[in-house]
Colleague: 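Attaching a single structure in structure tokens format; questions to follow.
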Amino acid sequence: MQFWKKFALGAVAAVGLAMPAMAAERAVIVLDGSGSMWAQIDGKARITIARETLSSVLADLPDDLELGFMTYGHREKGNCGDIEMLVEPAVGTGAAIIAAADGINPKGMTPISDAVRLAAEDLRFTEEKATVILITDGLETCEVDPCKLATELEGQGIDFTTHVLGFGLSDEEGQQVACLAENTGGQYLSAADGAGLVDALTKTVAQVVQAEPEPEPAPAPEPTPVLDHNFAPTASLSEGGPDIEDGGPLNLTWQWYKVNPDGSKGEWIGTDYYARFKGTLEARRLHHHGRIRLCDCRTARDHRRWRSHRDPFRAQCRRLQAASALQRRG
């Protein structure tokens, strides 16, 4: 067990050395100081086992953990308000917590819920990440619902977590306090003896300071393909006939116009050449009511404006297939 404790906390410390400097994690251990802690396990009082556990686990704390220590029921009997923060959260408090635990004299009630709430408030849980580690051998005795409290703390906190170590509790009893952990995203760990308590406390302390992995960066978006043209007109001498090709007896000259709202030829845009011409026109240059239209198409044998229906070399000019993609959207 000593090996596991040193390995777990040592591994956390090593991770801390490898990571950039970050704000210290903050937590409070709440130790049951009620009268039931005098009950014995294998001939040893539970409070004695708890003290030995704290001495073992907290002897070598990570440098990036601000740890505090609270107890309840240690000063008087029958008082649900008997809750005290014995060591304020700070770095390097292991020795102070061990000494404070040695001075606890169990005698009173078990105000679990109020103790957890006060510990959370001391950690400023509504402003920053906070963790409470509760070590208890009994159930709530002060008429406060721990499950309801846990839900409230979870809702109000920035990143609030409670871990519960049930010391000597039966399975049924453990279920009644496990909600403090479950409702805040923490763990409930059961410990039947000293070795189990050392193991449970070591795991929870290590979990508080364990660095969360950096989220993987989102994959870079695929580059948008850059097109070298957005239209490629074709022309033929008859409807359904073969397209005119470059290098033949006919050479094409393309004239581009906007289309007026009434469908007639509008403003001239430009002139291009060759049958297999490919080009680019910006949609912003188009009339908001129309599309680009081939209004004139001349060949090497016809240098006149295309008007004569008797001209055997008149090219049948098609509208652009991509015209709809170039329409200005209202």
Colleague: Could you grab the distance from atom CE of Met85 to atom CG of Asp122, nearest 0.5 Å is fine?
Modeller: 3.5 Å
Colleague: Evaluate the side-chain contact (heavy atoms from CB on, under 4.5 Å) criterion for residues Val208 and Thr161: first the C-alpha distance (whole Å), next the side-chain angles of each, then the deciding distance (0.1 Å), finally the verdict.
Modeller: CA-CA 9 Å; Val208 172; Thr161 305; over 6 Å; no
Colleague: Taking ring pair (Phe, Tyr, Trp, His ring centres under 6.0 Å) as the cut-off, I'd like each qualifying pair that reaches into residues 126-147, sequence neighbours left out, listed once.
Modeller: none
Colleague: Output the distance between atom CD (Gln187) and atom OG1 (Thr204), rounded to the nearest 0.5 Å.
Modeller: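 Reported to 0.5 Å precision, the distance equals 8.0 Å.
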Colleague: State whether the number of non-hydrogen atoms from other residues, nucleotides or ligands found under 6.0 Å of Glu143 atom CD is greater than 12.
Modeller: no
Colleague: Scan for ring pair (Phe, Tyr, Trp, His ring centres under 6.0 Å) pairs involving residues 147-203, sequence neighbours excluded, and state none if there are none.
Modeller: Phe125-Phe160
Colleague: Not counting sequence neighbours, list each pair that qualifies as a side-chain hydrogen bond (donor to acceptor under 3.5 Å, both in side chains) and has a residue in residues 144-157.
Modeller: Thr151-Asn183
Colleague: About how many Å separate CG of Leu123 and CD of Glu25, when rounded to the nearest 0.5 Å?
Modeller: 11.0 Å
Colleague: If every non-hydrogen atom of Pro146 is compared with every non-hydrogen atom of Leu180, which pair is closest and at what distance?
Modeller: O-CD2, 3.4 Å
Colleague: Could you list the donor-acceptor pairs under 3.5 angstrom formed by side chains in residues 93-115, with sequence neighbours left out?
Modeller:
from: Thr93; atom 1: OG1; to: Leu67; atom 2: O; distance (Å): 2.7
from: Thr110; atom 1: OG1; to: Ser34; atom 2: OG; distance (Å): 3.4
from: Ser113; atom 1: OG; to: Glu140; atom 2: OE1; distance (Å): 2.9

Colleague: Keeping to residues at least two apart or across chains, list the disulfide (SG to SG under 2.5 Å) pairs with something in residues 32-113.
Modeller: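 As it turns out, the disulfide (SG to SG under 2.5 Å) pairs with a partner in residues 32-113, which skip direct neighbours, are Cys80-Cys142.
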Colleague: For Glu84, check side chain to side chain contact (heavy atoms under 4.5 Å, CB included) against everything at least two apart and list the hits.
Modeller: His74, Arg75, Leu86
Colleague: Hey, quick one: are Val87 and Val132 part of the same hydrophobic cluster, counting side-chain heavy atoms closer than 4.5 Å, chains of contacts allowed?
Modeller: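 In one cluster: no.
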Colleague: Any salt bridge (charged side-chain N to carboxylate O under 4.0 Å, His left out) pairs touching residues 44-54, not counting sequence neighbours?
Modeller: Lys44-Glu52, Arg46-Asp137
Colleague: Is it true that Ile83 and Ile135 fall in one hydrophobic cluster, defined by side-chain heavy atoms closer than 4.5 Å?
Modeller: no
Colleague: Is there a path of hydrophobic side-chain contacts, each under 4.5 Å between heavy atoms, that joins Val28 and Tyr72?
Modeller: yes
Colleague: As an exercise, state the distance from CD1 of Ile29 to OG1 of Thr53, rounded to the nearest 0.5 Å.
Modeller: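 It comes to 10.5 Å.
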Colleague: So do Arg124 and Ile158 actually touch side chain to side chain, heavy atoms under 4.5 Å?
Modeller: no
Colleague: First locate atom CG of Leu165, then atom CG of Asp32, and finally report the distance between them rounded to the nearest 0.5 Å.
Modeller: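 Leu165 atom CG to Asp32 atom CG measures 11.5 Å (nearest 0.5 Å).
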Colleague: Indicate if Ile133 and Val30 have the same hydrophobic cluster label, given that clusters are the connected sets of ILVMFWY residues with side-chain heavy-atom separations under 4.5 angstrom.
Modeller: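 Ile133 does not cluster with Val30.
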Colleague: Can you sort out the partners of Gln40 under side chain to side chain contact (heavy atoms under 4.5 Å, CB included), two or more places apart, ordered by chain and number?
Modeller: none
Colleague: Please say yes or no: joined through hydrophobic side-chain contacts below 4.5 Å, possibly via intermediate residues, are Leu31 and Leu61 part of one cluster?
Modeller: yes
Colleague: Test of understanding: with side chain to side chain contact (heavy atoms under 4.5 Å, CB included), list the residues that count as partners of Asp262, not counting sequence neighbours.
Modeller: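 Asp262: side chain to side chain contact (heavy atoms under 4.5 Å, CB included) contacts with Asn260, Ser264.
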Colleague: Return each pair, listed once, that meets disulfide (SG to SG under 2.5 Å) where at least one residue sits in residues 159-210; pairs must be two or more places apart or across chains.
Modeller: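 For residues 159-210, and leaving out neighbouring residues, the disulfide (SG to SG under 2.5 Å) pairs sorted by first residue read Cys147-Cys179.
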Colleague: In chain order, what residues pass the side chain to side chain contact (heavy atoms under 4.5 Å, CB included) check against Leu139, with sequence neighbours excluded?
Modeller: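 Testing Leu139 for side chain to side chain contact (heavy atoms under 4.5 Å, CB included), a comparison that skips the adjacent residues, returns Glu173, Gln176, Val177.
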Colleague: Are side-chain heavy atoms of Ile49 and Asp42 found at a separation under 4.5 Å?
Modeller: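 No, too far: nothing below the 4.5 Å cut-off.
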Colleague: Sequence neighbours left out, what passes side chain to side chain donor-acceptor pair (under 3.5 Å) with Glu66? Give chain and number order.
Modeller: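 In terms of side chain to side chain donor-acceptor pair (under 3.5 Å), with neighbours along the sequence ignored, Glu66 is linked to Arg26.
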